[in-house]
There are 2 protein chains.
Amino acid sequence: MKGEKKRGRPRAFDAKAALGKARDVFWDRGFAAASLDNLSAATNLNRPSLYGAFGDKEDLYLDTLERYRQDGMDVLTEALDPSLPLRDNIARVYAGALAIYLHGETAARGCLLIGTASAEAVQHERVREVLGRSLNDFDDEIEKRMRLAVERGELPRSADPEMLARLASAVMHSLAVRARAGDSRETLEAIARSGVELICGSAP
Amino acid sequence: MKGEKKRGRPRAFDAKAALGKARDVFWDRGFAAASLDNLSAATNLNRPSLYGAFGDKEDLYLDTLERYRQDGMDVLTEALDPSLPLRDNIARVYAGALAIYLHGETAARGCLLIGTASAEAVQHERVREVLGRSLNDFDDEIEKRMRLAVERGELPRSADPEMLARLASAVMHSLAVRARAGDSRETLEAIARSGVELICGSAP
DNA sequence: AGAATTTAATGCGAAACGGTACAAAATATG
DNA sequence: CATATTTTGTACCGTTTCGCATTAAATTCT
């Protein structure tokens with residue numbers, strides 16, 4: 001599949017690594033304020049190479065969002081390992097989120113989607129679509145775990161898995177915003193703990 | 001105080017109304033993607049007039065954020081009218097928020113602060129400061145009402161007013177993000193209802 | 001009435017922007 | 001070795017950007 005040698009001059013860069021660098025630029029500056037010069041400098045790619053490999057700025061941004069979404073889903077499903085108690089699952093979700101959100105040079109970057117895609121979502125329909133789909137996929141994944149919790153008796157039969165999942169997500173959304181607003185790690189961890197308590201209050 | 005006639009040529013525009021129009025531009029496009037031409041067209045002010053009245057684009061944006069924050073606090077304190085039950089208070093907070101968030105021409109605009117200031121917060125320290133202060137002020141106002149609820153017996157003595165307030169805010173943050181992501185009013189109202197239930201679960 | 005002061009309108013200018021044309025370089029194929 | 005194909009690097013194009021310089025207009029003060 002991959003062994004077929006391509007005809008022309010081979011690429012002198014790793015597309016995956018370049019996308020990672022581009023993602024960091026978008027993460028810090030947002031889509032609109034990220035210039036092609038910024039992206040070119042961060043990736044060590046000339047603008048034409050960037051364009052040739054990933055299309056225009058919007059294409060590159062959407063690719064970046066999609067990758068980020070997928071990576072986030074991977075972290076989420078790992079955190080929700082059903083062999084662990086529900087409480088631990090939700091705590092791990094928040095811990096995983098904070099590990100991502102609290103990683104900035106000047107200030108914490110929060111969530112790429114919530115922090116930067118939200119700004120573009122009103123005018124750019126494609127961005128709004130990715131953002132909406134990402135939030136829904138997260139909700140759905142947590143909801144599956146909540147349903148399992150009800151089946152297992154970790155949560156009472158009266159619990160509403162869909163709504164509990166959305167509220168569990170809500171705490172994460174808030175962590176994303178607050179991280180970007182400059183809240184301390186301690187504050188965020190306290191909110192995460194309280195969130196676990198509130199959502200899983202009736203769980204053992 | 002205001003009757004003193006100023007010396008030169010009088011202004012031909014209402015600064016308050018102009019700020020409102022500028023706010024709408026920022027709300028739809030975010031700070032970086034809002035050009036002075038956009039702002040000039042929306043306010044019916046020439047760029048030099050805009051500049052003379054409000055300073056540069058960042059000054060205008062920060063003014064806009066500050067006004068929005070103040071307006072939001074007014075809505076909040078009104079919603080938290082202590083003569084009403086806690087449940088009604090929180091429900092009114094969310095209803096007030098949704099009335100603001102779900103008012104867009106192309107798509108819902110969500111919260112100006114969460115939707116647009118978050119994007120700039122990493123690089124612009126002043127924006128981050130306003131955003132952080134706004135979130136904190138909201139938390140504090142709700143916390144006051146929570147403390148009162150504990151004193152009155154609406155909440156059990158074991159309740160933690162600070163954390164309950166932050167979680168009540170968290171639901172609102174999530175509503176802001178989801179509105180901008182395109183979620184329907186029905187979905188958002190359902191989340192708000194569940195949020196009230198979860199936060200005020202032990203209240204009468 | 002005339003000077004002083006403030007705002008309005010036109011338009012400029014330097015810089016940054018996104019995107020691309022074009023030629024040189026590097027590889028596979030015949 | 002020659003040709004086809006793809007990537008790289010430089011340089012550039014037209015547009016948009018923000019901010020301001022300058023002049024005309026409107027009002028108050030003397």
Side-chain angles (χ1 to χ4, degrees), chain A residues 1-19 21-26 28-65 116-117 119-120 123-124 126-127, chain B residues 1-19 21-23 25-26 28-65 116 119-120 123-124 126-127:
Chain A
M1 278 280 181
K2 265 200 168 176
E4 305 155 2
K5 294 179 182 176
K6 278 183 303 183
R7 282 235 340 187
R9 175 174 178 172
R11 277 191 177 160
F13 63 93
D14 175 20
K16 211 161 182 169
L19 274 178
K21 293 292 189 184
R23 183 202 56 192
D24 288 344
V25 173
F26 285 130
D28 277 351
R29 314 176 88 99
F31 169 74
S35 73
L36 286 185
D37 280 341
N38 296 148
L39 294 162
S40 177
T43 57
N44 279 318
L45 289 187
N46 310 325
R47 280 200 298 279
S49 295
L50 248 170
Y51 198 84
F54 307 109
D56 68 12
K57 197 174 97 166
E58 186 171 336
D59 293 332
L60 175 57
Y61 182 60
L62 289 168
D63 273 12
T64 301
L65 290 185
T116 74
E120 311 295 329
Q123 299 259 322
H124 287 106
R126 295 169 68 194
V127 174
Chain B
M1 279 278 182
K2 264 199 170 177
E4 304 156 4
K5 292 179 184 177
K6 280 183 303 185
R7 284 247 323 200
R9 175 174 176 171
R11 277 191 178 160
F13 63 92
D14 175 19
K16 211 162 184 171
L19 274 177
K21 294 292 189 182
R23 184 202 56 192
V25 172
F26 285 130
D28 278 349
R29 312 176 90 101
F31 170 73
S35 73
L36 286 185
D37 280 342
N38 296 147
L39 294 163
S40 177
T43 56
N44 279 317
L45 289 187
N46 311 325
R47 281 199 299 281
S49 294
L50 248 169
Y51 197 82
F54 307 110
D56 68 11
K57 197 172 96 165
E58 186 171 335
D59 292 333
L60 175 56
Y61 182 60
L62 289 168
D63 273 13
T64 300
L65 290 184
T116 75
E120 312 295 329
Q123 299 259 322
H124 286 109
R126 296 169 67 193
V127 174

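As the structure is a prediction and not an experimental result, all values here were calculated from the model.
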Among residues 8-16 of chain B, which residues get a heavy atom nearer than 4.0 Å to DNA chain D?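 Result for residues 8-16 of chain B: B/Gly8, B/Arg9, B/Pro10, sorted by number.
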In residues 48-59 of chain B, which residues come under 4.0 Å of DNA chain D by heavy atom?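 Contacts with DNA chain D under 4.0 Å: B/Pro48, B/Tyr51, B/Asp56, B/Lys57.
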Contact summary for A/Leu36 and A/Leu50, nearest pair of heavy atoms: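 Scanning both residues, the minimum pair turns out to be O-CD1, 4.5 Å.
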Give the intermediate values and the outcome of side-chain contact (heavy atoms from CB on, under 4.5 Å) for residues B/Thr116 and B/Asp28. CA-CA 9 Å; B/Thr116 75; B/Asp28 278 349; over 6 Å; no
Spacing between A/Tyr61 atom OH and C/dG18 atom P, to the nearest angstrom: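 From A/Tyr61 OH to C/dG18 P: 14 Å.
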Given D/dC12, C/dG11, C/dT5, which nucleotide is nearest the side-chain atoms of B/Arg7?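 So the nucleotide nearest the side chain must be C/dT5.
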Expected output: side-chain B/Asn46 to main-chain B/Pro48 donor-acceptor under 3.5 Å: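 Flag not set: sc B/Asn46 to bb B/Pro48 has no pair under 3.5 Å.
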Main-chain N/O of A/Ser35 paired with A/Asn38 side-chain donor or acceptor, under 3.5 Å: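 Checking the backbone N and O of A/Ser35 against the side chain of A/Asn38, a donor-acceptor pair under 3.5 Å is found.
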Can you list the residues that meet the side-chain contact (heavy atoms from CB on, under 4.5 Å) rule with A/Ala15, with sequence neighbours excluded?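 side-chain contact (heavy atoms from CB on, under 4.5 Å) check on A/Ala15 returns A/Arg11, A/Phe13, A/Phe54.
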For A/Asp37, what residues pass the side-chain hydrogen bond (donor to acceptor under 3.5 Å, both in side chains) criterion, not counting sequence neighbours?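 Expected list: A/Arg47.
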Salt bridge (charged side-chain N to carboxylate O under 4.0 Å, His left out) partners for B/Asp56, two or more places apart: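 B/Asp56 satisfies salt bridge (charged side-chain N to carboxylate O under 4.0 Å, His left out) with no other residue.
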In residues 33-46 of chain A, which ones come under 4.0 Å of DNA chain C, going by heavy atoms?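 A/Ala34, A/Ser35, A/Leu36, A/Asp37, in order of number.
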Chi angles and distances behind the side-chain contact (heavy atoms from CB on, under 4.5 Å) call for B/Phe26, B/Leu60: CA-CA 10 Å; B/Phe26 285 130; B/Leu60 175 56; 4.0 Å; yes
Centroid-centroid under 6.0 Å between A/His124 and A/Phe31 rings: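 Yes, close enough.
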Mind running side-chain contact (heavy atoms from CB on, under 4.5 Å) on B/Leu45 and B/Lys21 for me, showing each step along the way? CA-CA 11 Å; B/Leu45 289 187; B/Lys21 294 292 189 182; over 6 Å; no
